[in-house]
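Let me begin by presenting the structure, written as structure tokens, before commenting on it.
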Amino acid sequence: MSEHLLVIDAGTTSTRAMLFDRAGKLAGSAQAEIGQHFPRPGWVEHDPQEIWQASLNCARRVLGNRRPESIAAIGITNQRETVVAWDRTTLNPLARAIVWQDRRTADRCRDLRERGEEEAVFGETGLLLDPYFSATKMRWMIDHVPEVRAAAEAGRLAFGTIESWLVAKLSGGDHVSDASNASRTQLLPLGKAGFSQDLCDLFGVPHAALPRVVDTHGQLAVTDTELFGRAIPICGLVGDQQAATIGQGCLSEGETKATYGTGAFILANHGTAIPHSEHRLLSTVLTQSGGERTYAIEGSVFVAGSLIQWLRDSLGLIENAAESEALARSIEDSGEVVIVPALAGLGAPHWRADARGLISGLSFASGRAQIVRAALESMACQTNDLATAFAADGARWESLRIDGGMSANDWLAQDIADILGIAVERPQFVETTALGAAVAAATGIGWYATLAEAAEAMRGAIDRFEPTMDADTRKERLDRWAKALAAA
Ligand code: ADP
């Protein structure tokens with residue numbers, strides 16, 4: 001009997017393969033690091049062949065001696081926006097993948113912005129003009145890599161994001177991309193089934209090189225029989241942040257998740273209506289089934305866990321990240337110390353690349369504990385600014401479901417609940433991204449009728465943090481934050 005789902009989580013720094021059962025319980029896991037290439041400042045590349053081999057090896061390791069019949073379906077989740085170019089006849093990569101973090105196309109984006117293209121592109125795709133997204137990376141490859149250009153001219157070029165590349169290799173040549181990943185290329189109008197010829201013309205990307213856009217869950221492809229000894233159906237394909245949203249069970253309008261890792265990514269379910277942000281939040285496809293989509297509004301904060309790393313590595317105030325919790329608890333309040341963590345500018349909803357961080361309110365009473373506590377407090381304040389922007393765009397948060405490395409900090413979870421004035425929920429199983437791909441595959445193979453039903457059955461136990469802070473304290477905190485923010 002088929003009892004497990006195989007999930008491939010192809011992340012930025014590592015690739016993992018995991019096995020889940022019907023109840024969402026983890027039955028095995030294997031991991032491999034992915035080499036990071038930095039050929040010039042601001043450039044970040046991966047080796048597509050390495051990503052494929054690492055994914056295959058991890059999958060084989062985690063399967064071990066299990067019979068291939070015991071795997072009902074495969075789900076894939078992945079780092080988004082990263083572009084792979086391959087030859088569709090040989091399935092060999094034509095260049096290193098250009099990774100989402102890569103800034104090499106910043107000038108191209110500025111040109112397009114100066115030509116007044118941003119509003120129309122934002123209106124159609126929900127994305128601002130930024131090197132982050134795939135379209136300008138694809139054009140860069142055609143302009144600068146002779147092999148990519150030659151393949152384009154010969155009609156052999158295939159472009160895809162990481163899930164698309166993995167499906168091509170797993171299936172022996174299918175060229176598809178799921179709608180959640182496709183919506184991060186900046187070539188997919190949120191309301192149209194496939195990539196837009198007009199957007200392809202604007203960015204200089206050949207439409208013929210792009211994959212067919214498919215659902216996030218359903219019968220999407222099957223593996224080549226030779227790989228695992230059986231043709232296993234691929235039934236879930238979801239970009240990492242959307243997968244975490246699914247894994248957190250945010251499947252009704254208004255339900256919101258926040259992932260606190262190096263930075264923080266917040267997605268709010270917007271239901272079946274296409275969001276149009278007035279506050280420079282991004283709009284994205286969350287799920288697609290039978291061609292029907294649900295959408296999400298997305299906002300990110302550049303500096304979250306990296307601030308704690310900075311306290312540890314640059315200032316030496318703490319020995320490890322977990323120590324921040326004990327220090328924050330050791331005092332009543334931060335003694336008016338406020339940190340604005342704009343160490344890399346400010347992301348949504350401020351979008352001030354020129355802003356810089358600051359520590360305000362220092363006195364002789366301020367010590368290590370006050371500064372560390374202020375650093376943690378800035379997470380709730382940044383999140384609250386996003387909550388305000390989301391609400392102004394019509395996406396009021398009912399509660400907030402958190403995950404990511406930082407969410408292990410109970411003091412932080414309580415502080416977010418207090419400042420936002422809503423319940424904060426944290427699953428005991430924190431691998432929500434992989435779980436989301438498992439939920440998608442479980443629905444796609446028909447174990448459950450809907451994603452919501454699957455998520456309900458597979459999510460597991462949850463810790464809840466209810467707001468307890470009194471209104472005056474909260475107002476004082478937020479007033480001090482607003483003042484410091486204005487100074488940054
Ligand atoms: P990423 O996926 O972006 O690599 P993770 O989700 O693994 O990040 O989270 C790691 C981050 O969380 C680190 O920046 C670390 O400083 C922070 N972190 C981990 N544990 C804690 C903690 N108990 N309190 C505060 N921050 C923490």
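One-based numbering, in listed order, for ligands and for the atoms of each.
Looking only at distances, a side-chain donor or acceptor of Arg368 sits under 3.5 Å from a matching main-chain atom of Leu317.
Among residues two or more places apart in sequence or in another chain, the side-chain contact (heavy atoms from CB on, under 4.5 Å) test is passed with Glu398 by none.
Contact residues for ligand 1 (protein heavy atom closer than 4.0 angstrom to any ligand atom): Gly261, Thr262, Gly305, Ser306, Ile308, Gln309, Ala321, Ala322, Ser324, Gly404, Gly405, Met406, Asn409.
For Trp86 and Trp165, the gap between ring centers is short of 6.0 Å.
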Tell me which donor-acceptor pairs under 3.5 Å the side chains of residues 403-412 have, and how far apart each pair is, sequence neighbours excluded?
residue: Asp403; atom: OD1; partner: Thr259; partner atom: OG1; Å: 2.6
residue: Asp403; atom: OD2; partner: Gln248; partner atom: NE2; Å: 2.7
residue: Asp403; atom: OD2; partner: Thr432; partner atom: OG1; Å: 3.1
residue: Ser407; atom: OG; partner: Gly404; partner atom: O; Å: 2.7
residue: Asn409; atom: OD1; partner: Trp411; partner atom: N; Å: 3.1
residue: Asn409; atom: OD1; partner: Leu412; partner atom: N; Å: 3.0
residue: Asn409; atom: ND2; partner: Ser324; partner atom: OG; Å: 3.3
residue: Asp410; atom: OD1; partner: Arg426; partner atom: NH1; Å: 2.8
residue: Asp410; atom: OD1; partner: Arg426; partner atom: NH2; Å: 2.8

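Screening residues 326-337 for salt bridge (Lys or Arg N to Asp or Glu O under 4.0 Å) gives Glu325-Arg329 as the qualifying pairs, with residues at least two apart or on separate chains.
In this structure, Leu307 and Leu343 have side chains that are in contact, with non-hydrogen atoms separated by less than 4.5 Å.
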